[in-house]
There are 2 protein chains.
Amino acid sequence: MEKIDAVAALAALAQDNRLDVFRLLVQAGPDGMAAGAVAEALDLAPNTLTFHFDRLRMAGLATVRREGRSMIYAARFETMNALVGFLTENCCGGTSCTPAPACKPARKRSRVPA
Amino acid sequence: MEKIDAVAALAALAQDNRLDVFRLLVQAGPDGMAAGAVAEALDLAPNTLTFHFDRLRMAGLATVRREGRSMIYAARFETMNALVGFLTENCCGGTSCTPAPACKPARKRSRVPA
DNA sequence: TCCATATTTCAACGATTATTGAAATAAAGG
DNA sequence: CCTTTATTTCAATAATCGTTGAAATATGGA
């Protein structure tokens, strides 16, 4: 990941509500979550939310798709992964200090018995 | 690390010049680097630099000490480590996805033979 | 078609940001 | 004490940010 992309991703996450939004999307997993559901969960005005979604999207941290009347937003784990990799590399002075961790979707859609 | 601290650290790193400053401090290691040396290395005005140092310090990402006429700034690896830990945990939906990586001073003068 | 739902667009607004220039402060050396 | 060096403080500025309210757009259903 390039520095410019890292700065963009950092800026996207460096805001209270937006970090909450992203965390919620991460928890929602790869299937994503409708904008309205996020709005309700975090008690945010829908237009405010659109603003934040845009930021996340510009930073490559989220994707959208339409599904009926709803817009479904999903986290882009690949970017998050690259960001953590960038930080890990750059917090250790050029020489690697640890292999980058893997950021994967929350959990498989498997339903746990019991 | 609390969310509020993570947001502060993210915001501190989410700026071109400031990210450069922090990277330089990381490379400088635990002994740190004089403000003037950073100013020269990155070609930044000294007052601008003071502003950025303050941000890093407020976010817990740097420390200062006076040494003669110079102010020596050093990266706080502990905070950076905690931030990467926070991101790693929170990019994986609450359940851990990988153990947090370790962020250590650039090079340790280790007694590595060979 | 008309209506309700879901979301976006747009124009404001105050708040914060990064940068600058000028002046102040702190320490070291003559 | 005076001067130089190193850095900070302060006030001003343009730019960007996050939020709001009102209006627009898109979709699905009666």
Side-chain angles (χ1 to χ4, degrees), chain A residues 3-25 28 31-76, chain B residues 3-25 28 31-76:
Chain A
K3 194 189 84 167
I4 188 174
D5 300 314
V7 170
L10 288 166
L13 297 174
Q15 207 276 333
D16 252 60
N17 291 332
R18 209 150 51 219
L19 183 55
D20 284 338
V21 169
F22 185 72
R23 290 215 278 175
L24 197 55
L25 291 184
D31 292 346
M33 201 167 165
V38 175
E40 191 178 5
L42 300 180
D43 192 32
L44 291 173
N47 48 354
T48 300
L49 202 40
T50 296
F51 170 81
H52 289 309
F53 279 141
D54 279 351
R55 295 297 164 113
L56 289 173
R57 232 149 44 74
M58 294 302 149
L61 284 165
T63 58
V64 220
R65 85 190 115 94
R66 177 176 284 281
E67 205 160 281
R69 274 177 283 206
S70 296
M71 300 298 265
I72 312 288
Y73 287 86
R76 290 206 355 97
Chain B
K3 195 189 84 167
I4 187 175
D5 300 314
V7 170
L10 287 166
L13 297 174
Q15 207 276 336
D16 252 59
N17 291 331
R18 210 151 49 219
L19 184 55
D20 284 339
V21 169
F22 184 73
R23 291 215 279 175
L24 199 53
L25 291 184
D31 291 347
M33 202 169 165
V38 175
E40 192 179 3
L42 301 178
D43 193 29
L44 291 174
N47 49 354
T48 300
L49 201 42
T50 296
F51 171 81
H52 289 309
F53 279 141
D54 280 350
R55 294 296 163 116
L56 290 173
R57 233 149 43 74
M58 296 301 151
L61 285 165
T63 58
V64 222
R65 71 180 194 272
R66 177 177 283 281
E67 205 160 280
R69 275 178 281 205
S70 296
M71 299 299 266
I72 311 287
Y73 288 86
R76 295 216 334 107

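Bear in mind that the values here come from a model prediction, so they are computed numbers and not experimental data. In what follows, chains carry the letters A, B, and so on, assigned in the order in which the sequence lines appear, proteins first and then strands, with residues in each chain numbered from 1.
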Where is the tightest heavy-atom contact between [X] and [Y], given as atom of each residue plus distance?
X: B:A59; Y: B:A12; result: CB-CB, 3.6 Å
X: B:A28; Y: B:G32; result: CB-O, 3.8 Å
X: A:L13; Y: B:L10; result: O-CD1, 3.5 Å

- Message: Does the protein touch nucleotides 15-21 of chain D at the base, only the backbone, or not at all? Give it as B, S and - per nucleotide, heavy atoms under 4.0 Å.
- Response: --SBBBB
- Query: Hey, what bend do you get for the helix from C:dT1-D:dA30 to C:dG30-D:dC1 if you fit axes on five pairs at each end, rounded to 10°?
  - Reply: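 End axes: 10° apart.
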Rounded to the nearest angstrom, tell me the gap between atom [atom1] in [X] and atom [atom2] in [N].
X: B:D16; N: C:dT17; atom1: CG; atom2: P; value: 17 Å
X: A:M33; N: C:dA6; atom1: CE; atom2: P; value: 14 Å
X: B:L13; N: C:dA18; atom1: CG; atom2: C1'; value: 16 Å
X: B:L42; N: D:dT7; atom1: CG; atom2: C1'; value: 16 Å
X: A:F53; N: C:dT8; atom1: CZ; atom2: C1'; value: 12 Å
X: B:E40; N: D:dT5; atom1: CD; atom2: P; value: 14 Å

- What distance separates A:L24 CG from A:L19 CG, expressed to the nearest 0.5 Å?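 Here the interatomic distance stands at 11.0 Å.
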- Item | Test side-chain contact (heavy atoms from CB on, under 4.5 Å) applied to A:D43 - qualifying residues, sequence neighbours left out |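 If we apply the side-chain contact (heavy atoms from CB on, under 4.5 Å) test to A:D43, skipping adjacent residues, there are no hits.
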- Message: Let's see if you get this right: which residues in residues 61-73 of chain B place a heavy atom under 4.0 Å from DNA chain D?
- Response: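 Under 4.0 Å from DNA chain D: B:R69, B:S70, B:M71, B:Y73.
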- Message: Need one value for B:A39: base, sugar-phosphate or nothing, where a base atom within 4.0 Å counts as base even if backbone is also close, heavy atoms only.
- Response: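 B:A39: no heavy atom of the nucleic acid under 4.0 Å.
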Pair up each side-chain donor or acceptor in residues 63-76 of chain A with any protein partner under 3.5 Å, not counting sequence neighbours, and list the distances.
{"residue": "A:R65", "atom": "NH1", "partner": "A:E67", "partner atom": "OE1", "Å": "2.5"}
{"residue": "A:R65", "atom": "NH2", "partner": "A:D31", "partner atom": "O", "Å": "2.3"}
{"residue": "A:R66", "atom": "NH1", "partner": "A:G68", "partner atom": "O", "Å": "3.3"}
{"residue": "A:R76", "atom": "NE", "partner": "A:G60", "partner atom": "O", "Å": "3.1"}
{"residue": "A:R76", "atom": "NH1", "partner": "A:E78", "partner atom": "OE1", "Å": "3.4"}

- Item | Residue pairs fulfilling side chain to side chain donor-acceptor pair (under 3.5 Å) with at least one residue in residues 6-20 of chain A, sequence neighbours excluded |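 Found A:D16-B:K3, A:R18-A:H52, A:D20-B:K3.
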- Message: I'd like to check B:F53 versus B:L49 (side-chain heavy atoms, cut-off strictly below 4.5 Å). Are they in contact?
- Response: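 Side-chain contact under 4.5 Å: yes.
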